[in-house]
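Working notes for the structure below.
The model shown is predicted, which means the values in this text are computed figures rather than measured ones. Per chain, numbering begins at 1; letters A, B, ... match sequence-line order.
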2 protein chains.
Amino acid sequence: MVAERTLAGPCTAWPQDSAFIREVLDRIGDKWTVLVISTLGAGPLRYSDLQASVPGISQRMLTLTLKELERDGLLTRTAFPEVPPRVVYELTDLGRSLHEAVLSLAGWAAGHHGEIAAHRRAHEESGVGRAKTNQLLRKH
Amino acid sequence: MVAERTLAGPCTAWPQDSAFIREVLDRIGDKWTVLVISTLGAGPLRYSDLQASVPGISQRMLTLTLKELERDGLLTRTAFPEVPPRVVYELTDLGRSLHEAVLSLAGWAAGHHGEIAAHRRAHEESGVGRAKTNQLLRKH
DNA sequence: CAGAATCCCCACGGATACTG
DNA sequence: CAGTATCCGTGGGGATTCTG
């Protein structure tokens with residue numbers, strides 16, 4: 001009891017927000033989800049166009065991502081019973097609202113990634129600069 | 001050229017936003033970063049308190065996460081040369097701004113995770129409902 | 001107390017081949 | 001065209017042990 005501890009037993013700083021935060025991140029934190037959502041943000045697309053619009057994605061990942069997004073009600077899948085199959089994917093209102101939320105995050109990134117890059121470079125200079133001067137004392 | 005394609009050669013729907021989006025997600029999309037940031041959002045904490053405040057985190061992951069965050073200028077590390085070592089971590093202005101951006105995302109989650117859960121449950125009913133109708137094709 | 005070093009597992013995702 | 005099925009490598013991250 002040295003002074004006051006802003007501490008907080010097991011998990012109190014972020015009451016139950018942490019659960020929500022992790023929920024979104026588990027949802028959009030993967031490699032492709034936001035790319036697909038952003039792409040569909042411009043309008044409905046069919047499977048093949050989607051694959052062409054999201055550069056490095058494989059069919060496997062595109063299919064899996066779309067399935068999960070459909071399952072969560074973020075987009076709709078519409079299959080037309082035609083001779084050459086045609087399936088169109090489109091964001092739902094829920095999906096569009098997520099898209100906007102993600103865009104605001106992207107806005108933050110656009111506004112600060114320069115700062116981050118600068119800090120990162122500064123650390124590389126003083127940290128990985130010369131492996132000669134630092135044997136075992138490198139703290140700023 | 002059947003009709004107009006809203007398509008977009010390789011990557012045009014999200015001009016260069018996609019790069020920023022991926023940048024943030026690669027940064028905060030991992031398992032612990034946002035938890036640490038959120039915890040430090042309440043105020044500076046020392047290593048051990050941090051570990052106690054972030055429930056399941058291991059020393060390894062806490063250390064790695066803190067290092068990356070410091071490297072990117074999102075938090076500062078202050079070591080006091082005392083007999084029992086004491087190290088305090090604190091968010092920078094940059095870190096706090098990211099924290100707010102993340103909180104807005106959490107706000108979205110808090111407002112919509114009910115909807116998502118509902119959709120998800122609806123899919124489980126109609127999809128994995130009866131394992132009788134489908135012979136030998138079980139989901140995952 | 002605040003880490004660094006090591007070992008190890010398994011889920012994420014890429015590549016490829018097959019199908020309705 | 002729009003998927004499905006399968007194999008397989010990588011690395012994120014947990015558990016444990018050692019150190020200044």
Want to settle it: does A:Tyr47 or B:Gly56 sit nearer the 5' end of DNA chain D, counting the closest nucleotide to each? A:Tyr47
Return the value, rounded to whole Å, for the distance between atom CE of B:Met61 and atom C1' of C:dA4. 13 Å
Can you measure B:Leu62 atom CG to D:dG13 atom C1' for me and round it to whole angstrom units? 13 Å
Contact between B:Gln51 and B:Thr63 at the side-chain level, heavy atoms closer than 4.5 Å - yes or no? no
What's A:Tyr89 touching, base or sugar-phosphate or nothing? Going by heavy atoms closer than 4.0 Å. sugar-phosphate
From the set D:dA2, D:dA15, D:dT6, return the single nucleotide nearest to any side-chain atom of B:Arg60. D:dA15
In whole angstrom, what separates B:Leu45's CG from C:dG3's P? 13 Å
B:Lys31 NZ to C:dA11 P, in whole Å, measures 11 Å
Taking any heavy-atom pair under 4.0 Å as a contact, classify A:Arg86: base, sugar-phosphate, or nothing. sugar-phosphate
Has A:Ser58 got a side-chain N or O lying under 4.0 Å from the OP1 or OP2 atom of C:dG13? no
Would you kindly give the CD1-to-P distance between A:Ile57 and C:dA15, to the nearest whole Å? 12 Å
side-chain contact (heavy atoms from CB on, under 4.5 Å), paired with B:Val102, selected from B:Val24, B:Ile37, B:Ile28: B:Ile28
Quick check for you: to the nearest 0.5 Å, what is the distance between B:Asp93 atom CG and B:Leu98 atom CG? 12.5 Å
Taking 4.0 angstrom as the limit, do A:Asp49 and A:Arg46 come out as a salt bridge? no
In terms of side-chain heavy atoms of B:Ser48, which of C:dA2, C:dG14, D:dA2 is nearest? C:dA2
Presence of salt bridge, B:Arg27 and B:Glu68, under 4.0 angstrom: yes
Length of the line joining A:Glu68:CD and C:dG13:P, which is rounded to integer Å: 9 Å
Nucleotide nearest B:Arg77 when distance is taken to its side chain, options C:dA2, D:dG14, D:dG3: C:dA2
Per B:Gln59 side chain, nearest of listed nucleotides D:dA2, C:dT16, D:dT17: D:dT17
Rounded to whole Å, the CG-P distance (A:Leu66 to D:dC1) equals 17 Å
From CG of B:Leu64 over to P of C:dA5, roughly how many Å is that when rounded to an integer? 11 Å
OP1 or OP2 of D:dG3 sitting under 4.0 Å from any side-chain N/O of A:Lys67? no
